[in-house]
There are 4 protein chains.
Amino acid sequence: MPDVSGIAGDKLRSLIERIEKLEAEKKQLGDDIKDIYSEAKRNHFDVPIMKKIVRERRMNKDDLEEQQNLLELYRKAIGMWEDTPLGEYAFADAAE
Amino acid sequence: MPDVSGIAGDKLRSLIERIEKLEAEKKQLGDDIKDIYSEAKRNHFDVPIMKKIVRERRMNKDDLEEQQNLLELYRKAIGMWEDTPLGEYAFADAAE
Amino acid sequence: MPDVSGIAGDKLRSLIERIEKLEAEKKQLGDDIKDIYSEAKRNHFDVPIMKKIVRERRMNKDDLEEQQNLLELYRKAIGMWEDTPLGEYAFADAAE
Amino acid sequence: MPDVSGIAGDKLRSLIERIEKLEAEKKQLGDDIKDIYSEAKRNHFDVPIMKKIVRERRMNKDDLEEQQNLLELYRKAIGMWEDTPLGEYAFADAAE
DNA sequence: CACTGGAAAATGCCGC
DNA sequence: GCGGCATTTTCCAGTG
């Protein structure tokens, strides 16, 4: 759109193009990450579990514990699984 | 949560049970839909295409509302841009 | 589209309409569920935690345990958190 | 996972570290994009509308490929329907 | 600072 | 059983 726009139109178009360029790179990185998960799968790793691990590592440890405590509190409040050993597994669930 | 083992626990359990009931119904509907696709397949219709059609129709329907929102936004913005060609620019891009 | 179609066209349209009807009901249930979560929020419950609870209850307990074990195994394999209290707790839990 | 604490653990750690590196870069790009929107705002552009435009352009781009897939599907199905009015029906619906 | 809407991620499902 | 697609769920930034 060569001459419909004035200065501001050029600026706007420039901004949008810069954004689109960055978004394209961002998408590329997403694809690269997928590739690594594929490689992991080929090496017989469990991909969903790996994703949980990555997420745990990204999370702040204090928040993780706080979540755990709340989860446990809620389980208790509704009397969930009170006669099973599953309560012990609470910690792992917080990360999911 | 105010009171773990008292009234709040009852309320929490009640909420969760209501949710689970609705989720069960929702799942049932999903199964019913699958059944219809099976029936379609038995009648020699091409199921993937049927799904595309259903999807298209849903998208088109959703888009009507979306278009309204978009127009709304544009009208709002035109006040700012009314003495520049930018309004036109935005419209042209959105419609292209 | 009254007379473009023959018998098969009628059948196809009928199938699609039944599907769309069920999908509408399904969507409605989804909205109802959202409403309950809103009510929960108004009652000062932590909605994300509630969702975890609902999910836990939906899951098969054996699968849950299996997941836990794998997660723990992976944490160990990469030496994750081995010098933190959370890590010790998890290790203890896994070993018992 | 073959060998928890041996070579497989090294492989797992390596995969995870590569993923985390890419995620960091990805996050950086997200921040860069935000910066551009900030710049736009400083230049008195309407950011929500810009986002709409970017989104529209991305959708339109995606739709081109989608349309191709759809046509592909339709061509495939036409063999089955070529002596009925159903092909027309599908086309009409998709185009409406 | 809670809420809404939009982007991103995860889950589940389907055909090959 | 694997990869791709669609849906659902989760997350997060902007807004009042």
Side-chain angles (χ1 to χ4, degrees), chain A residues 19 22-23 26-27 29-31 33-35 37-55 58-60 63 67 95-96, chain B residues 19 22-23 26-27 29-31 33-34 37-38 40-41 46-56 58-59 62 65-66 69-70 72-73 76, chain C residues 19 23 26-27 29-31 33-34 37-38 40-42 44-55 58-60 63 67, chain D residues 19 22-23 26-27 29-31 33-38 40-41 46-56 58-59 62 65-66 69-70 72-73 76:
Chain A
I19 288 165
L22 292 175
E23 287 197 345
K26 192 149 160 275
K27 184 181 184 329
L29 284 173
D31 291 344
I33 290 171
K34 272 202 215 143
D35 288 344
Y37 279 118
S38 296
E39 179 184 344
K41 177 174 275 183
R42 267 181 271 114
N43 282 273
H44 308 106
F45 291 107
D46 186 294
V47 170
I49 299 287
M50 278 182 67
K51 292 195 175 183
K52 283 194 202 305
I53 296 274
V54 169
R55 177 185 271 202
R58 191 174 23 196
M59 278 182 87
N60 178 299
D63 294 345
Q67 261 206 356
E96 93 184 7
Chain B
I19 287 165
L22 293 175
E23 286 197 345
K26 191 152 162 272
K27 184 180 185 330
L29 285 172
D31 291 344
I33 291 170
K34 271 197 227 158
Y37 280 118
S38 297
K41 176 174 262 182
D46 186 295
V47 171
I49 288 197
M50 280 182 65
K51 292 196 173 180
K52 285 277 182 189
I53 290 173
V54 170
R55 188 168 173 274
E56 291 284 319
R58 185 175 45 224
M59 297 275 100
D62 292 350
E65 301 158 28
E66 177 62 12
N69 298 339
L70 202 51
E72 195 63 21
L73 262 185
K76 185 168 76 71
Chain C
I19 287 165
E23 287 197 345
K26 190 152 162 271
K27 183 179 184 331
L29 284 172
D31 291 344
I33 290 170
K34 271 201 215 142
Y37 280 117
S38 297
K41 174 176 277 185
R42 266 179 272 114
H44 309 106
F45 291 107
D46 186 296
V47 170
I49 299 288
M50 278 182 68
K51 291 195 176 183
K52 283 195 201 302
I53 297 272
V54 169
R55 176 183 276 203
R58 189 171 38 212
M59 277 183 86
N60 178 298
D63 293 345
Q67 263 206 356
Chain D
I19 287 166
L22 292 175
E23 286 197 345
K26 192 149 162 276
K27 182 177 186 331
L29 284 173
D31 291 344
I33 290 170
K34 265 196 243 160
D35 288 345
I36 299 188
Y37 280 117
S38 296
K41 175 174 264 181
D46 187 294
V47 170
I49 289 198
M50 279 182 65
K51 292 198 173 178
K52 286 276 183 190
I53 290 174
V54 169
R55 187 166 174 273
E56 289 284 320
R58 186 173 44 224
M59 297 274 99
D62 292 350
E65 300 158 27
E66 178 62 14
N69 298 340
L70 202 52
E72 195 63 21
L73 263 185
K76 185 168 77 68

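- Following rounding to the nearest Å, A:Y37 (OH) and F:dG4 (P) show an atom-to-atom distance of 16 Å.
- Comparing atom distances between the B:K34 side chain and each of E:dC3, E:dC14, E:dT11 picks out E:dC14 as nearest.
- For the pair B:R58 and F:dT7, the criterion of a side-chain N or O lying under 4.0 Å from OP1 or OP2 is met.
- OP1 and OP2 of E:dA2 both lie 4.0 Å or more from every side-chain N or O belonging to C:R42.
- Residues B:K41 and A:G30 each lie close to DNA chain E; by heavy-atom proximity, the contact nearer the 5' end of the strand is made by A:G30.
- The side-chain heavy atoms of B:I53 and B:M50, taken from C-beta on, include no pair separated by under 4.5 Å.
- The side chain of D:R55 approaches E:dA7 more closely than any other nucleotide in the set F:dT8, F:dT10, E:dA7.
- A straight line from CG of C:D31 to C1' of E:dT4 spans 15 Å, rounded to a whole angstrom.
- Comparing E:dT11, F:dT10, F:dT15 by their closest approach to the side chain of D:P48 singles out F:dT15.
- Rounded to a whole Å, the CG atom of A:N43 is 13 Å from the P atom of F:dC2.
- Rounding to whole angstrom units, CD1 of residue D:I53 and P of E:dA7 are separated by 13 Å.
- We find that CD of D:E23 is positioned 14 Å from P of F:dC11, with the value rounded to whole Å.
- The CZ-P distance, from C:F45 to E:dA2, rounds to 17 Å in whole Å.
- Residue-level contact check: C:K26 touches the backbone only, with heavy atoms under 4.0 Å from sugar-phosphate atoms and none from bases.
- Rounded to the nearest 0.5 Å, atoms CD (B:E56) and CE (B:M59) are 8.5 Å apart.
- Distances shown here put every side-chain N or O of D:K27 at or beyond 4.0 Å from the OP1 or OP2 atom of E:dA8.
- Here the C1' atom of nucleotide E:dT11 and the CG atom of A:D46 are 13 Å apart, to the nearest Å.
- Annotation for B:V54 and C:E23: closest pair CG1-OE1, 3.7 Å, computed over non-hydrogen atoms.
- Looking at the side chain of A:K52, the nearest of the listed nucleotides E:dG15, E:dT11, F:dT15 is E:dT11.
- Dashed line: the shortest gap from a side-chain N or O of A:K51 to OP1 or OP2 of E:dA9 is not under 4.0 Å.
- Between the P atom of F:dT7 and the CG atom of C:L29 lies a distance of 17 Å, rounded to the nearest Å.
- Using a 4.5 Å heavy-atom cutoff, the side chains of A:E39 and A:N43 are in contact.
- The side-chain heavy atoms of A:K51 and A:V47, taken from C-beta on, include a pair separated by under 4.5 Å.
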